[in-house]
Amino acid sequence: MPLEKNNRSKIPRVLEGWFLETARTFPWRTVDTPWGRLISEFMAQQTQIERVAERWPSVVARFPTPESMAKSDEQEILALWQGLGYYRRARHLKASAELICKMYSGVVPDTVEELLTLPGVGKYTAGAIASIAYGKREPIVDANVHRVLCRISNRSGDPVPSEWTWEEASKLALNCDEIKIFNEALMEFGAVVCSPKKPDCMKCPLQNSCASYKSGTQFEVPTPKEPAKKKKVFHYAVVMEHGDELAFEQRGDKGLWSRMWQVPTVESTVELTSSQVAVQLGVNDQLKYLDTIQHSLSHRSISLSIFSCKCARDARFHWFQWDSLAELPLASAQRKVLAVHYLR
DNA sequence: AAAACGGGGCG
DNA sequence: CGCCCAGTTTT
């Protein structure tokens, strides 16, 4: 059912008013610059906003301009990104900073077309920067916007995001007062009121305009997509000690935890014995078993067994003292490994 | 078109 | 412990 024309002119104003009255305070809304917004949008991809709010200030403080990040070492950005996941985003951000300096005179571009040339910037992020940072009348569709618009028109079955949602968002963008306010309002509204599982319809300023609410289908619209099945895998991490130093290796530039560091690790789709692990790592001594922990990702269920051993200072690895690990980019699973070793 | 890519918090 | 969540890139 298409949205009524009168609703298209009314909805933007209602949401803008609602947002100006109730918006949460986030640091990027207080210190509001295009570069700061670019960073917050990268950080917010597939990441809960509270996690972003905690981390954003330290990233912006260290890299206040695209130039400062372009000149920096990738490792330093990855270290600031520790625990946030999707580490490719951090490298995309640095690559974008470099491109901004090289092609756009160090200024974050203000058109969707130019923004789309930046690595890590897709249709949503380009629209978000153009509209929220620069006030360009561009639509945006993220998961929140998709859900809100589908519910208002009682549309189920569309993938996230759908062509229909983008068209609908475009029409609304033409009818809003201030695009910067409206686009943020649409997302904030989806996050705070029109939430996935528990939409607060009793407090909803759009209750009278919502086709899903009228037909009582707000809990089934939009249709959620089937989650992928998790593949079960086995990781064997060995904490190698030489005096007060520990061995580390850096992961490759593709795939899981790319460019992050880890203690020497064997990955397998089947269970391995400790001696098989020792052979694969080229360790002669017996491995001391410490513990096995479960680490769950969206697409993988990892059984992570942790061993330790005393060994020679092997040149195949990088060796770090315990108190120098703070600056080493480690994913959360590695922090767990070190905690198990430290507490043994 | 589908798969890959993380992690923390909450009920 | 299962479920949830402000996308983009690669295959």
Side-chain angles (χ1 to χ4, degrees), chain A residues 19 23-24 26-29 37-56 78 81-93 95-96 112 115-129 131-133 139-149 159-163 165-166 169 183-199 219 222 224-231 233 235 251-260 262 293-302 304 329-336:
Chain A
F19 181 78
R24 296 171 290 182
F26 291 122
W28 49 89
R29 290 178 179 167
R37 287 287 184 166
L38 185 69
I39 293 175
S40 71
E41 290 299 340
F42 268 68
M43 298 184 86
Q45 291 167 5
Q46 303 298 92
T47 300
Q48 292 182 351
I49 204 62
E50 283 74 16
R51 305 285 82 69
V52 180
E54 293 163 5
R55 198 66 67 87
W56 183 87
L78 286 175
W81 214 268
Q82 287 182 87
L84 286 178
Y86 292 91
Y87 299 98
R88 279 285 298 279
R89 295 179 297 171
R91 294 190 291 137
H92 279 150
L93 182 58
S96 286
V112 167
L115 286 160
L116 284 172
T117 66
L118 304 177
V121 173
K123 199 175 176 186
Y124 160 76
T125 304
I129 302 299
S131 63
I132 298 171
I140 55 170
V141 175
D142 72 344
N144 286 313
V145 175
H146 178 77
R147 184 173 59 253
V148 170
L149 298 185
V160 195
S162 69
E163 207 172 303
T165 322
W166 275 102
N183 276 351
E184 275 211 282
L186 204 46
M187 294 192 289
E188 178 100 353
F189 178 73
V192 174
V193 177
C194 198
S195 59
K197 295 291 176 185
K198 282 184 272 188
F219 299 102
K225 67 174 175 187
E226 291 291 314
K229 271 212 166 162
K230 290 182 183 179
K231 204 175 289 179
V233 295
H235 287 197
R251 294 182 66 92
D253 54 8
K254 282 185 175 175
L256 188 66
W257 301 321
S258 53
R259 305 300 288 165
M260 302 296 278
Q262 62 187 15
I293 60 180
Q294 301 304 316
H295 191 75
S296 186
L297 311 177
S298 58
H299 57 304
R300 199 152 296 173
S301 177
I302 302 173
L304 175 53
L330 300 173
S332 291
Q334 280 304 300
R335 295 283 169 203
K336 289 186 190 175

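By convention in this document, chain letters (A, B, ...) are assigned in the order of the sequence lines, proteins followed by strands, and residues within each chain are numbered from 1.
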Check your understanding: Can you name the side chain to side chain contact (heavy atoms under 4.5 Å, CB included) partners of A:Arg24, sequence neighbours left out?
Key -> A:Phe26, A:Arg29, A:Ile49, A:Glu50, A:Glu188, A:Ala191, A:Val192
Study note, to complete from the structure: A:Phe26 has its side chain closest, among B:dG7, C:dA6, B:dG6, to C:dA6
Practice item. Could you say whether A:Lys230 or A:Thr125 is positioned toward the 5' end of DNA chain C, judged by the nucleotide with the nearest heavy atom to each? Key: A:Lys230
**Study point:** 4.5 Å side-chain heavy-atom contact, A:Leu297 and A:Leu256
**Key:** yes
Check your understanding: What nucleic acid atoms does A:Gly255 come within less than 4.0 Å of, heavy atoms only: base, sugar-phosphate, or nothing?
Key -> sugar-phosphate
**Study point:** Sugar-phosphate, base or nothing in reach of A:Leu256, heavy atoms under 4.0 Å
**Key:** sugar-phosphate
Exercise for review: Specify the separation, in whole Å, of atom CD1 of A:Ile302 and atom P of B:dG6.
Suggested key: 10 Å
Review point. Can A:Arg335 and A:Gln82 be counted as having a side-chain donor-acceptor contact under 3.5 angstrom?
Key: yes
**Study point:** Sequence-distant partners of A:Ser301, side chain to side chain contact (heavy atoms under 4.5 Å, CB included), two or more places apart
**Key:** A:Lys230, A:Lys232
**Study point:** First encountered from the 5' end of DNA chain C, between A:Pro161 and A:Ser195
**Key:** A:Ser195
Review point. What is the nucleic acid contact for A:Ala331, judged by heavy atoms within less than 4.0 Å: base, sugar-phosphate only, or nothing?
Key: sugar-phosphate
Check your understanding: Is there a donor on the side chain of A:Ser332 or the base of B:dG7 sitting less than 3.5 Å from an acceptor on the other?
Key -> no
Check your understanding: Starting at CZ of A:Arg335 and ending at C1' of B:dG6, how long is that distance when rounded to a whole Å?
Key -> 15 Å
Check your understanding: Below 4.0 angstrom from OP1 or OP2 of B:dG7, is there any side-chain N or O of A:His295?
Key -> yes
Revision key, fill the gap. Winner on side-chain proximity to A:Trp257, out of C:dT11, B:dG7, C:dT9, is B:dG7
Exercise for review: Measure from the side chain of A:Thr47, starting at C-beta and using heavy atoms only, and say which of B:dG6, C:dT9, B:dG8 lies closest.
Suggested key: B:dG6
Check your understanding: Out of B:dC5, C:dA6, B:dG7, which has the shortest distance to the side chain of A:Arg24?
Key -> C:dA6
Check your understanding: With a 4.0 Å cut-off on heavy atoms, is A:Arg300 in touch with a base, just the backbone sugar-phosphate, or nothing at all?
Key -> sugar-phosphate
Check your understanding: So, is A:Tyr87 close to the B:dG7 phosphate, meaning a side-chain N or O under 4.0 Å from OP1 or OP2?
Key -> yes
Review point. Rounded to whole angstrom units, what separation is found between the NZ atom of A:Lys229 and the P atom of C:dG2?
Key: 13 Å
**Study point:** Rounded distance (Å) that lies between atom C1' of C:dG7 and atom CD1 of A:Ile140
**Key:** 12 Å
Point to revise | Distance between P atoms of B:dA4 and C:dA6 (Å, rounded) | key: 22 Å
Check your understanding: Which whole-number value in Å describes the distance from A:Lys197 NZ to C:dG2 P?
Key -> 16 Å
Revision key, fill the gap. A:Ser40 and A:Val52 have their tightest heavy-atom pair at O-CG1, 4.2 Å
Review point. Contact class for A:Pro119 (heavy atom, under 4.0 Å): base, sugar-phosphate, or nothing?
Key: sugar-phosphate
Practice item. Taking the side chain as every heavy atom from C-beta outward, state whether A:Trp257 and A:Gln334 have any atom pair closer than 4.5 Å. Key: no
Revision key, fill the gap. Quick note, A:Arg29 side chain, CB onward, closest among C:dG7, C:dA6, C:dT11 is C:dA6
**Study point:** Separation of the P atoms in C:dT11 and B:dG6, to the nearest angstrom
**Key:** 15 Å
What are the atom names and distances for every N/O pair under 3.5 Å that joins the protein to nucleotides 9-11 of chain B?
none

Check your understanding: Given the P atoms of B:dG8 and C:dT8, what is the spacing between them in whole Å?
Key -> 23 Å
Review point. Do A:Leu93 and A:Met43 come within less than 4.5 Å of each other through their side chains, counting heavy atoms only?
Key: no
**Study point:** Which residue lies more 5' along DNA chain B, comparing A:Ala228 with A:Gln45 via nearest heavy atoms
**Key:** A:Ala228
Practice item. Would you kindly give the CG-to-P distance between A:Leu84 and B:dC5, to the nearest whole Å? Key: 18 Å
Review point. Would you say the side-chain atoms of A:Tyr124 and A:Glu41 include a donor-acceptor pair closer than 3.5 Å?
Key: yes
Review point. Which is true for A:Val121 with a 4.0 Å heavy-atom rule: it touches a base, it touches only sugar-phosphate, or it touches nothing?
Key: sugar-phosphate
Exercise for review: Could you check how far NE2 of A:His299 sits from P of C:dT11, rounded to whole Å?
Suggested key: 14 Å
Review point. Considering only side-chain heavy atoms of A:Gln46, which listed nucleotide, B:dG6, C:dA6, C:dG7, is closest?
Key: C:dG7
Check your understanding: For the pair made of CD in A:Gln294 and P in B:dG7, what is the distance, rounded to whole Å?
Key -> 15 Å
**Study point:** Sub-4.5 Å side-chain heavy-atom contact between A:His235 and A:Val233
**Key:** yes
Practice item. Looking at every strand, decide which applies to A:Tyr124 at a 4.0 Å heavy-atom threshold: base, sugar-phosphate, or nothing. Key: sugar-phosphate
